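The block underneath contains the structure these notes are about, expressed in structure tokens.
Just so we're clear, the structure is a prediction, and the values are computed from it rather than from any experiment.
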Amino acid sequence: VQLQASGGGLVQAGGSLRLSCVASGRSFRNYAMGWFRQAPGKEREFVATINWSGTTYYTDSVKGRFTISRDNAKNTVYLQMNSLKPEDTAVYYCAASPRTYGSSWSADYDHWGQGTLVTVSS
């Protein structure tokens, strides 16, 4: 599976962005998908995940503001980000896991996209 993330950009605090991640391959629907992010000088951290059946899980800091979804017909996973804060500034990565459950652990993901930069100004 190859992943291509897009949709990042510069937005003011309180604004919204939608990230997209398109996957190659016919087995996309069987993968759990995740979004991670890495801020400057910090380690990569989990943001959200969605499994093959649509069950979602979020890190606490984005609950109620971010929504992960998937369109299996388009081999695409999305991350809708609302009420953005300066602390959301990071490079966002999508990832695919062959496991049936969504995971917050990066080691569970076998395939990674190249990342897309999100910058939130105050």
Donor-acceptor pair, [X] side chain versus [Y] backbone, under 3.5 Å?
{"X": "T55", "Y": "S53", "value": "no"}
{"X": "N75", "Y": "F28", "value": "no"}
{"X": "T67", "Y": "Q80", "value": "no"}
{"X": "R70", "Y": "Y78", "value": "no"}

Linking I/L/V/M/F/W/Y whenever any side-chain heavy atoms sit under 4.5 Å apart, do [X] and [Y] land together?
{"X": "F36", "Y": "L3", "answer": "no"}
{"X": "V22", "Y": "W35", "answer": "no"}
{"X": "V47", "Y": "Y93", "answer": "no"}

Check whether F46 forms a cation-pi arrangement with R37 (NZ or CZ under 6.0 Å from the six-membered ring centre, at most 45° off the ring normal).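 That pair does not qualify as a cation-pi contact.
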Residue set satisfying side chain to side chain donor-acceptor pair (under 3.5 Å) with D71, at least two apart, ordered chain then number -> none
Does Q2 have more than 12 heavy atoms from other residues, nucleotides or ligands lying within 6.0 Å of its CD?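 Open: at most 12 neighbouring heavy atoms sit under 6.0 Å from CD of Q2.
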Output yes when D88 and K85 qualify as a salt bridge under the 4.0 Å nitrogen-oxygen rule, no when they do not. no
Using residues 114-122 as the side-chain source, report each donor-acceptor pair under 3.5 Å to any protein atom, sequence neighbours left out, with the distance given to one decimal.
| unit_1 | atom_1 | unit_2 | atom_2 | d |
| --- | --- | --- | --- | --- |
| Q114 | OE1 | A5 | N | 3.2 |
| Q114 | NE2 | A5 | O | 2.8 |
| T116 | OG1 | G8 | N | 3.0 |

Is it the case that S104 and Y58 place a side-chain donor and acceptor less than 3.5 Å from each other?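 Note: S104 and Y58 side chains miss the donor-acceptor criterion.
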For S97 and D108, test the side chains for any donor-to-acceptor distance below 3.5 angstrom and give the result as yes or no.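 The answer is no; no qualifying pair exists.
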By salt bridge (Lys or Arg N to Asp or Glu O under 4.0 Å) - contacts of R44 (at least two apart):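 Result, salt bridge (Lys or Arg N to Asp or Glu O under 4.0 Å) vs R44: none returned.
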Heavy-atom side-chain proximity of V77 to I68 below 4.5 angstrom: yes
